[in-house]
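Report on the following structure.
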Amino acid sequence: MKRWKRALALGAAGLTVAAAPMTAYAASPEFARTTEEWAQLQDNVLEYEELAGLIHEYNATVQQNAIDYAYFRNEYGETNTEWADKYRELASDLRDAIDYPDIDDSSYGSQMAQAITNEASAETYEESADDALEDIYVKYLEYSQAEAQLVQSAQTLMINYYLNQLQLEIDTKTQELSQLTYNYTVKQRDVGMATDIAVLSAQESLRSTEQALIDDQSAIDTGRKSLLVMCGWDANADAEIRTIPDVDEERIAAMDPTADTETAIANNYTLLGNTRQYENARSTDKKETLAVSMADNERNIKASVSSSYQSVLSSKIAYDLAVTQAALEEQNLTIAQTQAANGQLDALSLQTQQNTTETAKLSVEVARLNLFQAIQSYEWTVNGLADA
């Protein structure tokens, strides 16, 4: 199913939007992308590589932020001085509107309350003018950070969507083995080789695995709906969600925590915003407070890069171990099959090894996705989203 193409003018923001997915509208004008790029975004397929484009064009929060950004620019101007002057203008308008009533006036109470409210509001605006730190660049950073965080969240949702599917497969294997174990225990009980307590224990284990399957499916369904809505689809749309790309280990080799820390400091949205506000600050107290915040930002960014890098290394080790374990279980299965063929291994033990081998293979894919996520998180840390 293709997404219907529409156009809509947003007068307040001065924006034109086109190419809507279902009921959502694109934020950019049609000429902002090539025909091929629009076609990829507008089809009914969700690919990992297009998440940033989908969020930019169709996410409701991003679209609202674009409208708000245009509103702030139109109402308050671009510079910090213009913003401060706007607050003073609002304060002046309120003071001009203050009209203290005569005590004999029949509506003295309500008029007096309004006058006092206006006086307090005017003082607040005047304080805001004196303390104004923002400008249009600070707003730009705020909304750019919000969009980047949404893209990161969408990527995480998509990775978790497949992690939850893998967990469902693993738990299905566990449930199958629990069912076989229960059946075997019942047979053993019937010939006097197992107790009723053993049967009850196996039954409880089986019920637990059945609940795990229900929980896994719920997580898959919830994650899918959240991802689709975030990217502009209806929650129940039949869009195809493509698989996660393979891990590119060259991205790990290219990591340089020392150099990347400097890049992370230069790119960090929070630090950039605080730096700009420091430049706009008028009072010594504000500058000193912001200087402390900026120094704290840098320390946190350095720690965040280091932690993210260690997470990548740990995830790589876990992935390599999962691959090794899967190969080992494959060998164990071959041995078990030979023993079973020679009458040296019972059916339940053989099935147990088969399930263990299949689970080990699934665990390799889980480890791969976790490594992919760790790499992605590191790159976001470097590109502006380090926890500052």
Side-chain angles (χ1 to χ4, degrees), residues 156-227 235-236 238 241 243-244 311 314-374:
T156 299
L157 276 173
M158 191 167 179
I159 293 169
N160 286 341
Y161 174 72
Y162 280 103
L163 282 172
N164 287 330
Q165 289 192 348
L166 288 168
Q167 190 60 53
L168 176 62
E169 290 187 60
I170 290 172
D171 287 342
T172 297
K173 297 298 179 186
T174 302
Q175 195 269 345
E176 291 172 354
L177 187 58
S178 292
Q179 182 67 62
L180 289 172
T181 301
Y182 171 73
N183 294 342
Y184 177 81
T185 306
V186 170
K187 289 179 180 179
Q188 291 292 91
R189 190 268 316 271
D190 291 345
V191 295
M193 297 181 65
T195 65
D196 288 338
I197 292 177
V199 171
L200 289 173
S201 178
Q203 186 179 48
E204 182 59 31
S205 178
L206 177 59
R207 287 174 178 170
S208 177
T209 62
E210 291 170 346
Q211 182 60 50
L213 296 182
I214 294 173
D215 294 341
D216 292 339
Q217 190 60 58
S218 176
I220 292 169
D221 295 342
T222 300
R224 174 185 171 84
K225 290 178 180 179
S226 297
L227 178 62
N236 296 312
D238 63 348
I241 300 178
T243 56
I244 304 297
S311 179
S314 297
S315 297
K316 178 63 168 64
I317 291 172
Y319 173 72
D320 291 340
L321 287 174
V323 171
T324 300
Q325 186 64 36
L328 177 61
E329 295 301 343
E330 195 72 56
Q331 293 175 4
N332 289 339
L333 178 59
T334 299
I335 295 172
Q337 288 171 334
T338 300
Q339 291 176 333
N342 294 331
Q344 299 172 315
L345 195 69
D346 61 70
L348 180 60
S349 296
L350 175 60
Q351 185 62 52
T352 298
Q353 183 57 53
Q354 287 176 332
N355 281 36
T356 300
T357 302
E358 291 168 0
T359 298
K361 291 179 181 178
L362 291 170
S363 295
V364 171
E365 183 62 12
V366 169
R368 182 189 78 84
L369 289 178
N370 286 332
L371 176 57
F372 187 93
Q373 175 71 77

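We number each residue from 1, following the sequence as shown.
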For residues [X] and [Y], determine if any side-chain heavy atom of one lies less than 4.5 Å from a side-chain heavy atom of the other.
| X | Y | result |
| --- | --- | --- |
| L166 | E169 | yes |
| L333 | T356 | no |
| N164 | T222 | no |
| L157 | Y161 | no |

The side-chain contact (heavy atoms from CB on, under 4.5 Å) partners of A326 (sequence neighbours excluded) come to A360, V364
Euclidean distance, [Y] [atom2] relative to [X] [atom1], rounded to 0.5 Å:
| X | Y | atom1 | atom2 | answer |
| --- | --- | --- | --- | --- |
| Y162 | L168 | OH | CG | 13.5 Å |
| D190 | T185 | CG | OG1 | 10.5 Å |
| E365 | Y319 | CD | OH | 8.0 Å |
| N370 | S314 | CG | OG | 11.5 Å |
| L163 | I220 | CG | CD1 | 10.5 Å |
| T174 | N355 | OG1 | CG | 7.5 Å |

Acceptor/donor pairs from residues 198-215 side chains to any protein atom, 3.5 angstrom cut, sequence neighbours excluded:
{"residue": "T209", "atom": "OG1", "partner": "L206", "partner atom": "O", "Å": "2.6"}
{"residue": "Q211", "atom": "NE2", "partner": "D215", "partner atom": "OD1", "Å": "3.0"}

Residue pairs passing the salt bridge (Lys or Arg N to Asp or Glu O under 4.0 Å) test with at least one member in residues 352-361, sequence neighbours excluded, are K173-E358, E330-K361
Sorted by chain and residue number, the ring-ring contact (aromatic ring centres under 6.0 Å, His included) partners of F372 (sequence neighbours excluded) come out as Y48
All heavy atoms of D216 vs all of Q167, minimum pair found to be OD2-O, 3.5 Å
- Query: Which heavy-atom pair separates A318 from A367 by the least distance, and what is that distance?
  - Reply: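 For A318 and A367, the tightest heavy-atom pair comes out as O-CB, 4.2 Å.
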Mind checking side chain to side chain donor-acceptor pair (under 3.5 Å) for E329 and listing every partner two or more places apart, or none if nothing turns up?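 For E329, the residues satisfying side chain to side chain donor-acceptor pair (under 3.5 Å) (neighbours in sequence not counted) are Q325, N332, Q353.
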Residues passing the side chain to side chain donor-acceptor pair (under 3.5 Å) test with Q217, sequence neighbours excluded, are D221
Review point. If you measure only the distance, is there a donor-acceptor pair under 3.5 Å linking the side chains of D171 and Q175?
Key: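 No.
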Short side-chain to backbone donor-acceptor contact, D346 and L348, under 3.5 Å: yes
